[in-house]
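This report refers to the structure that appears directly beneath it.
Note that the structure is predicted; figures quoted are calculated from it, not measured. The chain is numbered in sequence order, starting from 1.
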Amino acid sequence: MSNEPLRPLGYQHRHDQAFQKALNNAAMQYLKDRSDHRFADLRFYLKSLVLVLCCFGSYIVALCANAQWAFFTFYPLFICFALLLAINLVHDASHNAIFKHGKANYWLNFWVTIPLGLDPECWRVRHIIFHHAHTNIRHYDLDIEENFVLRQTPYQRWYPFMRAQHLYWPLVAAMTFPALIWFFDWLDRFHFTRVAPHMRHQGQKGLSTFLLAKFLHLFIAIIIPILVVSDISLGTLLLTYLLSQMFASLIFVVLILGTHWAKATFYTPPQEGNMPHGFYTHTFSTTYDWHTTPRWLTYWLGGLNLHLTHHLFPNWNHRHYPALAKIIEQTAKQFSMEYHCINAKELFIYQQRFLKEMGTGKQADMHWIPIERNSVH
């Protein structure tokens with residue numbers, strides 16, 4: 001990845017200004033009718049407490065149980081609950097959607113990400129500044145950066161082995177967290193990418209915070225278990241750690257990145273000026289909502305399946321997403337905009353179709369038109 005800065009890139013906001021105004025008015029009326037706010041509530045805090053107790057409860061059981069089966073059961077559960085904490089807390093806190101004060105969100109992120117190991121500041125910059133502002137735009141959206149293993153856009157180079165990428169992509173998705181934690185976070189912090197200049201803290205303060213968080217993760221996830229659990233070798237522990245991280249990574253990537261693959265629309269930035277359409281039009285063209293079965297899973301997954309809703313209301317706590325999704329659907333009908341909320345089966349089918357299409361080596365010049373979605377079997 002290049003560390004050369006990109007020119008600022010915006011949208012022609014006047015194109016969907018009326019839709020934006022109507023949508024925001026409807027959302028604010030929803031809050032007014034409920035005498036509510038966009039941040040977290042007591043129910044959210046109770047859910048977070050449950051996840052914290054489950055996370056560290058699993059960790060303590062893994063360390064204190066005498067049987068090896070208990071360690072190999074509860075240590076992966078510890079990592080999985082760490083993922084759920086990140087999904088439910090870190091994602092919202094990065095968007096300042098939990099507390100009203102930015103510093104409170106920042107420190108929550110610092111401590112909550114330690115069990116999982118991701119650097120919250122690197123992830124915040126990648127997710128908000130690059131991905132949210134430039135979803136599926138070549139060179140700008142770092143989530144679709146060329147990796148020479150998985151061809152995610154029609155603009156990337158093709159290799160014959162990519163014909164099978166619809167089969168091996170879960171392995172690539174599973175390696176995302178280990179790669180971020182132990183490779184890309186370090187590249188980002190040490191200015192080998194375009195991420196570092198956008199971080200809140202530069203120089204010694206930023207580096208010290210980064211190294212402290214990485215050390216605390218290493219201490220909790222590796223050093224303490226190897227000292228406490230006497231009948232587990234270092235090699236076995238490292239393998240268990242890696243497999244647990246891979247499983248958590250697979251879940252997260254399917255929840256987030258899959259919605260953009262399924263929509264299958266990608267853009268190249270114009271040589272001069274802004275994108276030729278508005279931000280809301282762009283978001284509708286690149287992102288899906290999908291519903292869980294049962295529906296209550298949406299709340300425990302941090303609303304990540306309502307991904308279009310999240311992109312349109314990123315600074316709202318995810319407890320509002322189901323209601324906001326209905327508002328988006330109603331407003332979209334008024335402006336003849338297509339809103340889709342598909343199911344998990346359809347999401348998987350669309351992902352597979354897209355990966356197969358990209359695996360053929362098909363190219364595009366300006367923007368990629370979505371694969372036909374008329375029928376799903």
Side-chain angles (χ1 to χ4, degrees), residues 46-94 107-123 168-186 210-257 292 297 299-302 304:
L46 291 175
K47 177 178 72 166
S48 302
L49 178 61
V50 169
L51 291 175
V52 169
L53 292 176
C54 288
C55 181
F56 285 98
S58 300
Y59 180 72
I60 292 171
V61 172
L63 296 183
C64 297
N66 293 324
Q68 285 192 352
W69 68 265
F71 178 83
F72 293 127
T73 300
F74 286 95
Y75 186 89
L77 280 176
F78 156 64
I79 298 294
C80 287
F81 279 116
L83 169 67
L84 283 176
L85 278 172
I87 288 175
N88 282 274
L89 276 74
V90 175
H91 195 223
D92 277 6
S94 296
W107 284 110
L108 176 67
N109 265 358
F110 176 83
W111 292 107
V112 171
T113 51
I114 286 172
L116 191 61
L118 289 172
D119 181 77
E121 188 63 5
C122 293
W123 187 83
Y168 69 72
W169 81 265
L171 179 60
V172 179
M175 287 303 299
T176 299
F177 274 6
L180 285 173
I181 294 167
W182 298 112
F183 185 67
F184 287 106
D185 278 355
W186 297 79
F210 173 82
L211 293 176
L212 175 61
K214 290 297 183 185
F215 172 76
L216 289 174
H217 171 68
L218 187 65
F219 186 73
I220 291 174
I222 303 297
I223 296 176
I224 290 180
I226 202 62
L227 293 176
V228 173
V229 185
S230 57
D231 55 346
I232 300 294
S233 68
L234 178 60
T236 301
L237 174 61
L238 292 176
L239 180 60
T240 305
Y241 169 82
L242 176 61
L243 293 176
S244 301
Q245 290 281 6
M246 289 174 65
F247 180 70
S249 178
L250 177 61
I251 295 173
F252 184 78
V253 172
V254 168
L255 286 175
I256 282 202
L257 195 58
T292 59
L297 277 176
Y299 188 67
W300 288 92
L301 292 176
L304 292 189

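Atom CZ of residue F177 and atom CZ of residue F247 lie 12.0 Å apart, to the nearest 0.5 angstrom. Note that CG of L63 is 11.0 Å distant from OG of S58, once rounded to the nearest 0.5 Å. Atom-to-atom distance recorded for T236:OG1 and F71:CZ is 9.0 Å, nearest 0.5 angstrom. Note that CE of M175 and CG of L250 are 12.0 Å apart. Values are rounded to the nearest 0.5 Å. The CG atom of D185 lies 12.0 Å from the CH2 atom of W123; values are rounded to the nearest 0.5 Å. N88 contributes atom CG, which lies 7.5 Å from atom CG of D92 (distance to the nearest 0.5 angstrom).
Across all non-hydrogen atoms, the minimal contact from S233 to I226 is C-CD1, 3.7 Å. Smallest separation of non-hydrogen atoms from S249 and A173: OG-O, 2.5 Å. Taking each heavy atom of I79 and A248 in turn, the nearest pair found is CG2-CB, 4.1 Å. For the pair A213 and I114, the tightest heavy-atom approach, listed with the atom from each and the gap, is O-CG1, 4.4 Å. Contact record, L242 with P178: CD1-CG, 3.9 Å, taken as the closest heavy-atom pair. In terms of heavy atoms, K214 sits closest to I181 at NZ-O, 2.8 Å.
Within a 6.0 Å radius of CG in N66, no more than 12 heavy atoms belonging to other residues, nucleotides or ligands are found.
For the pair Y75/V229, no side-chain contact is recorded, criterion being any heavy-atom separation below 4.5 Å from C-beta on. Using a 4.5 Å heavy-atom threshold, the side chains of L53 and F81 count as separate. At a threshold of 4.5 Å between non-hydrogen side-chain atoms, the residues L51 and W300 count as touching. Here the side chains of L238 and T240 are not in contact, with every heavy-atom distance at 4.5 Å or above. A heavy-atom distance below 4.5 Å is not found between the side chains of P76 and L243. Contact annotation: the side chain of V90 never approaches that of L85 to less than 4.5 Å [non-hydrogen atoms, C-beta and beyond]. Taking 4.5 Å as the limit, some side-chain heavy atom of P115 sits within range of a side-chain heavy atom of F56. Using a 4.5 Å heavy-atom threshold, the side chains of L171 and M246 count as touching.
In this structure, W182 and W186 have parallel ring planes: the angle between them is below the 30° cut-off, well short of the 60° mark.
Checked against the 6.0 Å centroid threshold, H91 and F252 do not count as a close aromatic pair.
Under the 3.5 Å distance criterion, the side-chain polar atoms of E121 are left unmatched by any main-chain donor or acceptor of F110.
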Please step through side chain to side chain contact (heavy atoms under 4.5 Å, CB included) for the pair H217 and L118, ending with a clear verdict. CA-CA 9 Å; H217 171 68; L118 289 172; over 6 Å; no
The test is side chain to side chain contact (heavy atoms under 4.5 Å, CB included); show your working for L227 and F219 and say whether it passes. CA-CA 10 Å; L227 293 176; F219 186 73; 5.7 Å; no
